[in-house]
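Working notes, structure below.
Letters A, B, ... mirror the listed sequences (proteins, then strands); counts begin at 1.
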Protein chains: 2
Amino acid sequence: MNEGLPSWNNGRAKESILKFIARVTAEGEPDFVPANERVAVFDNDGTLWCEKPNYPQLDFLVTELRLRVGERSEMAERPEYAAILAGDRAAMAELGLERIGLALLELFAKLTPEEFEERARDFIMNATHPKLGAPYARAVYRPMLELLDFLRAHEFAAFIVSGGGTEFVRAVSRELYGVNSECVVGTLVAYEFVRRDGEPVLLRTARAHGEVNEGPAKVSHIRTQLGRRPIFAAGNSAGDREMLEYAAAAPGRGMALLVDHDDSEREYAYASEAGSFTADEPILETAQGLGWTVVSIKNDWATVFG
Amino acid sequence: MNEGLPSWNNGRAKESILKFIARVTAEGEPDFVPANERVAVFDNDGTLWCEKPNYPQLDFLVTELRLRVGERSEMAERPEYAAILAGDRAAMAELGLERIGLALLELFAKLTPEEFEERARDFIMNATHPKLGAPYARAVYRPMLELLDFLRAHEFAAFIVSGGGTEFVRAVSRELYGVNSECVVGTLVAYEFVRRDGEPVLLRTARAHGEVNEGPAKVSHIRTQLGRRPIFAAGNSAGDREMLEYAAAAPGRGMALLVDHDDSEREYAYASEAGSFTADEPILETAQGLGWTVVSIKNDWATVFG
């Protein structure tokens, strides 16, 4: 059973994973979970792939914005776009995340979902990640890919539950993670159904569809979109707190795993910021208080990327 | 290949299905569709199971309402509940579907999704369908089950896209149709995340989450929840029109299939009502005009139930 996680060093994190899997798959034992209730959810940014120096999606949005401004320079005058292009965090904070977000949604309004996905995919597969000097697609954590496969080998269904845009993740979820589109839950954009020359067409709008997928909303959306309760959850930030708590509290006791970014050499060292959705307590302290499994990138992962 | 549809009589409907499958699965041919793009969507009421004399979900709601009124008789005074219990369609129309729907949602507020699913499942598995004299679970169309299996045997992913409550369908989707929860798209209720004695719990609210899943909303929700474009769609009513159009217009040409209820003996004979979402044109005329495949229950199905 050990063979499935070659990039994991021996230690408490790996041991907890192996024990958990053994416990829920041992037929006839009290904690046995039937295969169709073996549900695992993974945050994406900072959990499955690197979220530094910026969220990949932010780099994508800035790239797209620059392209549009190149075509229509007057766009650069708009305060939201000016703040983003200047990387002016104070100005962005003053405008507010919602206004910034909606301005960015406008960049893709009237595109079909297929057109959007093609751009997103192109960026992730071809644009260069600043630290890796390789495409963003290479900024995926190898130990987590092994964990996905390991869980699936034990008849788990694996889902991604990201705070990022659903379509952005879906554009590559199958290729990078082996996760189908319907198994990706994220923040949604609204669509409109129109007829163009008599043909039915679905187009993106500049409106959000429902809440941002962070904090307690992750738990609600797991229910509305997936309809199954996770017994395993992996995350790295305050925005994952409720999802991790909910998985850990599953009947028979689930498992929560928190990735701690403590490796400045091979990846990054940072304490995940408290989100706007949660208490001020750092997520690492929450993890320790609630007995979650903490993964130290430095100590638990023999390989990070590649 | 013919062997997969034993309950289908030979005729144009069966022939179109076989031709479509042959066309999209023939490698090297112009209309070949790779396996991960073979997406089929099915309406539920009147398409996968019988929707007469009432939607099964309505019978479930009335049953639940009677139970509650038995415990708290003053509930019967409330105009929405009084109208439902009396089967007074005029009163219901006057109150409006939205108000009626919200009053019914209140019956299940504060239940966990697991508690709700258990009640729904119990009803579908045990309550007696008025025409069949057997549980509602037996009111599933056997030819459509064969079609689901036939498509899956040809590497299609099959999804249910119902106007009904998502949880109601999910309660039995795996058991009746072999369709997982995350592959069911319906009308959604909102949830709230709370802590009870320190334990994280998800509860139903009395609010809807987003639009009713009918008409153009079916197409939008296929995108938001599933993220894949169907190349095959089956439905039976005006509420399926846009979904059928959208599937039929898929690149390389998809297939739309409309179930026509024309068998008063073995099932029911009725023209599907025009929904509130669509033009007044009867859906059967739309089907003929757009060249969809029409399935006559009377002529095309050798067996209906069982």
Next item on the list: Quick one: do B/Glu199 and A/Glu245 satisfy side chain to side chain contact (heavy atoms under 4.5 Å, CB included)? Show the steps, please.
Entry: CA-CA 8 Å; B/Glu199 287 286 282; A/Glu245 272 189 86; over 6 Å; no
Next item on the list: Tell me, for B/Leu202 versus chain A, whether the close heavy atoms (under 4.5 Å) come from the side chain, the backbone, both or neither.
Entry: both
Notebook entry, point to check: Could you name the residues of residues 218-231 of chain A that have a heavy atom within less than 4.5 Å of a heavy atom in chain B?
Noted result: A/Val219, A/Ser220, A/His221, A/Arg223, A/Thr224, A/Gln225, A/Leu226, A/Gly227, A/Arg228, A/Arg229
Notebook entry, point to check: What's the verdict on side chain to side chain contact (heavy atoms under 4.5 Å, CB included) for B/Glu242 and A/Arg195, showing C-alpha distance, side-chain angles and the deciding distance?
Noted result: CA-CA 10 Å; B/Glu242 288 79 4; A/Arg195 289 192 174 79; 4.2 Å; yes
Check: Of the backbone (N, CA, C, O) and the side chain (C-beta and beyond), which part of B/Val185 lies under 4.5 Å from a heavy atom of chain A, both, or neither?
Finding: neither
Next item on the list: Determine which pairs satisfy side chain to side chain donor-acceptor pair (under 3.5 Å) with at least one residue from residues 158-172 of chain A, sequence neighbours left out, and list them in order.
Entry: A/Glu167-A/Tyr191
Notebook entry, point to check: Take atom CD in B/Glu118; do more than 12 heavy atoms of anything else shown fall under 6.0 Å from it?
Noted result: no
Check: Of the non-hydrogen atoms in A/Pro216 and B/Phe193, which two are nearest, and what is the gap between them?
Finding: CB-CB, 3.8 Å
Checklist line | Atom CG of B/Leu102 with >12 non-hydrogen neighbours under 6.0 angstrom | finding: yes
Note to self: Does any backbone or side-chain atom of A/Val189 lie under 4.5 Å from a heavy atom of chain B? Answer side chain, backbone, both or neither.
What the structure shows: backbone
Check: Is the count of non-hydrogen atoms from other residues, nucleotides or ligands lying under 6.0 Å from B/Leu290 atom CG greater than 12?
Finding: yes
Check: Does a sphere of radius 6.0 Å around CD in B/Glu98 hold more than 12 heavy atoms from other residues, nucleotides or ligands, not counting ones at 6.0 Å or beyond?
Finding: no
